[in-house]
Amino acid sequence: MRKTFLTIHRWLGIVFGILISLVCLTGAVLVFQTEILQMLNSNLYNMEVPADAKHLSDTELAARVLEQLDDGQMITFIQVSDEPGVAAQANIAGMGQKNLFVNPYTGDVLGYPKYTEFFDTVKSLHRWLLNKPENHQQGTLSPGRVIIGITAIAMSLILLTGIWLWWPKSRKLLKNRLKVSTSKGFRRFVYDSHVSLGIYAVVFLLLMSLTGPTWSFGWYKTAAQTVLLQGEEERLDSHQRGKHGDQGQHPMMTRQEKGDRQQSQVQRPEDVGVMHLSGNQQQHGGGFHMLISSLHMGRWAGWLSKLIYLLAALIGAILPWSGYYMWWKRTRTIKKEA
């Protein structure tokens, strides 16, 4: 069994190692994307609140935003935070996740956040190898999307077989596999680093790799939804419909579905769905998608989990290269012996 797992671990690492390193490195860049963009766009995230100011009603806010949009533009939904000084965000059909910031007290459009192009490119590389599907929200596949999804599945198998291979048979061996030797040559240093750093980061890397394919394959997303929620999603959807009205605008509906419905009719302010969010709910939210996003991006414990994910992703980017080095040294040794 060990020999079989070693073969799987080694050859999957050889085939997918470069891609795994790329995915982990781009993922590390995206970990603190929100915080960096908030810092660079502080005028959008920290507004001056007028004295005795009150938020516009949902209909008034939607009407003001619609007045300022270009002809043909439609709103999929608006997010309004209950925290003072935080701008509302209007999602415009066809703009993806790039929301238009709006003053919730006056309805004035503040604009789109700046400096997003770099992170958009990194995200496209991370999710699709720059080969974005025509309609990724509806499950359209592209070669890049398929390759990334298969790479994530291969990474999970590499990590699981790595745990099996690492598992020590004695307490003494356990101690050796949890430390890195710096006095027994470079080859031993690389091996110890590969084994020790890998096991320290394996849980967090597994959370990333196991949740990653939900953005690539519809069948994987369905299976994960069934396992994780087991009917809870249907209950959440019913709750959201009851709370926001069943007008095709509740937050659990995909943006593309909302856009399709809106394109078939003249949009009225009262038809625009408005989500009122409190505290960190705007980033964490609820439902299956938010659960997967939280697990995949390390949002489940604030700054601490994000910092851990950053370190784990950097380790994940390094592990394939230490594996390549060990494989190269092994093949050279076998050739010399032959």
Side-chain angles (χ1 to χ4, degrees), residues 33-35 37-116 137 236-287 289-290 293 299:
Q33 172 189 354
T34 301
E35 288 77 8
L37 287 178
Q38 286 181 356
M39 180 179 65
L40 296 175
N41 295 276
S42 58
N43 61 312
L44 299 180
Y45 288 92
N46 298 286
M47 299 173 11
E48 292 187 7
V49 183
D52 300 327
K54 294 183 179 180
H55 284 179
L56 296 176
S57 68
D58 293 352
T59 304
E60 290 174 334
L61 180 60
R64 285 287 295 127
V65 177
L66 285 170
E67 290 174 0
Q68 300 170 78
L69 295 182
D70 296 333
D71 292 339
Q73 284 189 314
M74 311 287 283
I75 302 174
T76 54
F77 61 85
I78 299 177
Q79 295 178 350
V80 180
S81 174
D82 292 340
E83 293 187 353
V86 178
Q89 299 184 38
N91 184 266
I92 311 302
M95 293 300 293
Q97 296 182 353
K98 190 174 182 179
N99 293 338
L100 181 67
F101 281 66
V102 179
N103 188 320
Y105 304 101
T106 64
D108 294 335
V109 169
L110 303 176
Y112 291 101
K114 298 179 181 179
Y115 313 108
T116 61
Q137 292 177 342
L236 287 169
D237 284 349
S238 299
H239 172 73
Q240 294 289 356
R241 282 194 294 271
K243 183 177 180 181
H244 298 277
D246 192 9
Q247 300 175 346
Q249 301 296 337
H250 60 86
M252 296 307 296
M253 182 179 291
T254 65
R255 294 172 183 174
Q256 184 60 39
E257 287 172 339
K258 294 171 187 173
D260 292 342
R261 288 197 182 187
Q262 291 164 352
Q263 294 294 342
S264 64
Q265 60 183 3
V266 176
Q267 191 170 29
R268 301 175 301 175
E270 57 267 25
D271 293 331
V272 176
V274 179
M275 297 187 297
H276 290 269
L277 307 174
S278 59
N280 291 327
Q281 189 180 359
Q282 184 166 352
Q283 292 187 12
H284 296 284
H289 176 72
M290 293 301 179
S293 297
R299 296 173 175 170

Please round to the nearest 0.5 Å and tell me the distance separating atom [atom1] of [X] and atom [atom2] of [Y].
X      : Y      : atom1 : atom2 : answer
Ile78  : Leu100 : CD1   : CG    : 9.0 Å
Met74  : Leu66  : CE    : CG    : 8.0 Å
Asn99  : Ile75  : CG    : CD1   : 11.0 Å
Asp82  : His276 : CG    : NE2   : 7.5 Å
Thr116 : Asn41  : OG1   : CG    : 8.0 Å
Asp108 : Phe101 : CG    : CZ    : 15.5 Å

Show the nearest heavy-atom pair for residues [X] and [Y], with the distance to one decimal.
X      : Y      : answer
Gln68  : Arg64  : NE2-O, 2.9 Å
Lys114 : Leu37  : O-CD2, 3.8 Å
Pro104 : Ala88  : CD-N, 3.9 Å
Leu110 : Ala87  : CD1-CB, 4.0 Å
Ala62  : Pro269 : CB-O, 3.6 Å

Subject >> Enclosure of Tyr112 OH (heavy-atom neighbours >12, cutoff 6.0 Å) >> reply: yes
Original post:
Just by modelled atom types, is the Gly107 backbone N or O under 3.5 Å from a matching donor or acceptor in the Glu60 side chain?
Top reply: no
Minimum side-chain heavy-atom gap [X]-[Y] below 4.5 Å:
X      : Y      : result
Leu61  : Val102 : yes
Val65  : Val272 : no
Tyr105 : His55  : yes

